[in-house]
Amino acid sequence: MTALCSDFLNAVGERGFLHQCTDSEALDKLCAEGPVSAYIGFDATADSLHVGSLVPIMLLRLLQRTGHKPIVLMGGGTTKIGDPSGKDEQRQLLTEADINRNIDGIKGVFEKFLTFGDGPTDAITVNNAEWLDELAYIEFLREYGRHFSVNRMLSFDSVKLRLEREQPLSFLEFNYMVLQAYDFVELGRRYKCRLQMGGSDQWGNIVNGVDLGRRSAQMELYGLTTPLMTTASGAKMGKTASGAVWLNEDRLPAYDYWQYWRNTEDADVGRFLRLFTELPIDEITRLEALEGAEINDAKIILANEATRLCRGDDAAATAAETARKTFVDGNFGADLPSVDVPKSELEEGIPAFVLMARAGLSQSNGEARRLIRGGGARINDEKIDDESQTVSLADINDQGVIKLSAGKKRHALVRPS
């Protein structure tokens with residue numbers, strides 16, 4: 001790539017967002033000339049997004065901060081089909097009511113990261129059901145189907161990998177890339193959108209949209225993808241032993257969200273600071289050079305900054321204080337995750353592994369049993385030696401609660417009710 005002149009593409013490269021771009025020089029020139037409208041699509045498969053969606057969200061935020069217009073495309077139409085990208089089997093089909101409910105749950109996240117309004121760089125939210133639900137099938141095939149080569153579609157990873165694994169790919173899913181390409185054209189017509197962005201698994205779908213815009217409407221469209229996000233150890237972003245790291249407060253408490261970032265692997269600290277915070281690059285360079293115990297200072301800054309963006313200043317400060325009380329003072333903060341348990345159940349005694357699962361410290365009773373057998377479970381900081389051990393009213397501590405721990409970093413409180 002030659003020297004860049006746009007703030008957007010310079011920042012995209014500097015902070016590690018860039019993986020592929022259809023015509024970087026032309027896009028760079030376009031971005032340098034004035035505000036460019038760009039979109040990323042989000043299918044409504046759940047009522048919250050998780051940390052795995054944070055790279056595209058932060059990319060939209062970066063787009064707006066460098067003087068351009070973000071379009072958040074809600075997949076009210078495409079969710080009815082399901083994106084086959086990165087999947088070994090067809091997604092479960094959702095009802096229209098489920099999809100609309102999920103969209104309502106997702107929308108609030110973007111308001112934390114983007115400024116919405118009617119200005120030239122204000123973000124807007126669009127639902128592709130507006131045009132996809134109105135398509136006449138035969139007319140659509142005649143107008144747009146002729147621009148797609150099945151031979152080429154079969155070469156894209158989202159299709160090829162499924163076929164190589166001998167996993168069935170329905171005709172319904174095969175249509176997904178056609179509809180996503182059509183989305184790009186419609187957004188170009190309706191909102192003068194010139195750029196589609198997404199993860200590296202969306203490259204084939206994005207290229208299809210760029211080609212369709214040129215063939216069907218003589219539009220000059222562009223595509224940009226971000227790298228596949230995994231941790232240094234190869235784990236998928238957004239997943240932990242206790243489940244998905246949700247962005248919505250009602251799905252995951254702020255303390256758990258903060259703790260996820262605090263537990264970042266040492267090798268990921270610099271990369272995550274670039275992607276998930278807005279700290280200056282010079283400061284990030286200083287932080288990622290810390291070694292030994294000092295790298296924990298950088299992880300706390302990462303946790304504070306990431307939580308502040310998603311949950312607000314107060315939530316970040318409270319989570320940090322709870323962590324300090326828990327790990328530095330040896331006590332616990334009121335913001336630790338908690339579960340209410342009727343006193344009548346505690347009078348009888350509850351198996352520790354059952355309570356661990358109920359408190360969210362494991363995904364199942366079986367996982368909790370394995371945690372206990374491995375010596376990683378504690379009640380009030382005392383190791384649980386027997387997986388059949390019960391927890392009762394006798395375990396309530398001086399603060400009137402029971403503290404459960406999974407390893408050294410994950411805790412929850414049982415509150416008798």
Side-chain angles (χ1 to χ4, degrees), residues 37-61 63 70-114 116 123-135 158 169-187 190-191 193 196-202 204-206 208-209 225-226 229 236-239 243-252 257 310-311:
S37 294
Y39 91 95
I40 298 178
F42 298 86
D43 278 348
T45 54
D47 62 1
S48 172
L49 300 174
H50 57 68
V51 164
S53 296
L54 201 52
V55 167
I57 293 173
M58 290 298 292
L59 183 55
L60 287 173
R61 182 177 172 90
L63 179 87
I71 298 174
V72 178
L73 181 67
M74 293 282 103
T78 43
T79 305
K80 296 173 184 176
I81 293 177
D83 185 0
S85 301
K87 300 295 177 183
D88 286 336
E89 57 187 24
Q90 183 172 331
R91 293 180 188 269
Q92 180 181 355
L93 296 181
L94 302 176
T95 66
E96 188 162 353
D98 289 335
I99 293 170
N100 290 334
R101 191 180 308 113
N102 289 344
I103 288 175
D104 289 340
I106 289 170
K107 281 182 177 179
V109 170
F110 294 98
E111 294 172 358
K112 303 284 184 65
F113 292 88
L114 302 171
F116 288 82
I124 60 172
T125 300
V126 181
N127 188 335
N128 62 14
E130 291 178 20
W131 52 84
L132 294 183
D133 283 358
E134 303 302 319
L135 287 179
S158 59
L169 179 71
S170 71
F171 180 69
L172 184 68
E173 293 175 285
F174 195 62
N175 273 270
Y176 187 94
M177 65 180 72
V178 178
L179 296 181
Q180 184 170 325
Y182 181 68
D183 281 347
F184 201 175
V185 175
E186 277 295 316
L187 288 170
R190 295 175 182 229
Y191 303 100
C193 180
Q196 181 183 176
M197 304 183 293
S200 58
D201 62 336
Q202 295 297 312
N205 292 338
I206 291 173
N208 270 332
T225 62
T226 58
M229 285 303 298
K236 191 173 182 180
M237 282 287 295
K239 299 288 185 180
V245 183
W246 299 104
L247 300 184
N248 285 18
E249 178 76 33
D250 60 350
R251 295 292 296 270
L252 186 75
Y257 189 79
C310 187
R311 303 297 181 81

Legend entry - Y191/I124 under side-chain contact (heavy atoms from CB on, under 4.5 Å): CA gap, chis, key distance, verdict: CA-CA 10 Å; Y191 303 100; I124 60 172; 3.7 Å; yes
Legend entry - Nearest non-hydrogen partners of D47 and N248, listed with the distance: O-ND2, 3.2 Å
Legend entry - Side chains of R311 and L252 in contact at under 4.5 Å (non-hydrogen atoms): yes
Inset, instruction - Any chance you could measure Y39, atom OH, to Q196, atom CD, to the nearest 0.5 Å? - result: 3.0 Å
Legend entry - Separation of K107 NZ from T125 OG1 (nearest 0.5 Å): 6.5 Å
Inset, instruction - Go through Y176 and D43 one step at a time and tell me if the side chain to side chain donor-acceptor pair (under 3.5 Å) criterion holds. - result: CA-CA 12 Å; Y176 187 94; D43 278 348; 2.7 Å; yes
Legend entry - For F110, ring pair (Phe, Tyr, Trp, His ring centres under 6.0 Å) partners two or more places apart: F42
Legend entry - Separation of I81 CD1 from Q180 CD (nearest 0.5 Å): 11.0 Å
Inset, instruction - Evaluate the side-chain proximity of H50 to R251: yes if any heavy-atom separation is below 4.5 Å, no if none is. - result: no
Inset, instruction - For residues M197 and A38, report the shortest heavy-atom separation together with the two atoms involved. - result: CE-CB, 4.1 Å
Inset, instruction - State the CG-CG distance between L132 and N127, to the nearest 0.5 angstrom. - result: 9.0 Å
Legend entry - For L49, the option from L54, L247, N102 that meets side-chain contact (heavy atoms from CB on, under 4.5 Å): L247
Legend entry - From CG (D183) to OG1 (T78), nearest 0.5 Å: 6.0 Å
Legend entry - Y182 side chain reached by E186 side chain, heavy atoms, under 4.5 Å: yes
Inset, instruction - Identify the two heavy atoms, one from F116 and one from A123, that lie closest to each other, and give their separation to 0.1 Å. - result: CD2-O, 3.2 Å
Legend entry - Atom of S48, atom of W246 and distance for their closest heavy-atom approach: O-CZ3, 3.1 Å
Inset, instruction - For the residue pair V72 and I40, establish whether any side-chain heavy-atom pair is separated by less than 4.5 Å. - result: no
Inset, instruction - Would you mind reporting whether L94 and T79 have side-chain heavy atoms less than 4.5 Å apart? - result: yes
Inset, instruction - Grab the two heavy atoms, one from N208 and one from M177, that are nearest each other, plus how far apart they are. - result: ND2-SD, 3.5 Å
Legend entry - Closest non-hydrogen atom pair between A44 and I99, with its separation: CB-O, 3.8 Å
Legend entry - Spacing of I106 atom CD1 and M74 atom CE [to the nearest 0.5 Å]: 5.5 Å
Inset, instruction - Could you check if a side-chain atom of R190 sits within less than 4.5 angstrom of a side-chain atom of E130, using non-hydrogen atoms only? - result: yes
Legend entry - Side-chain ion pair, D98 and R101, N-O less than 4.0 Å: yes
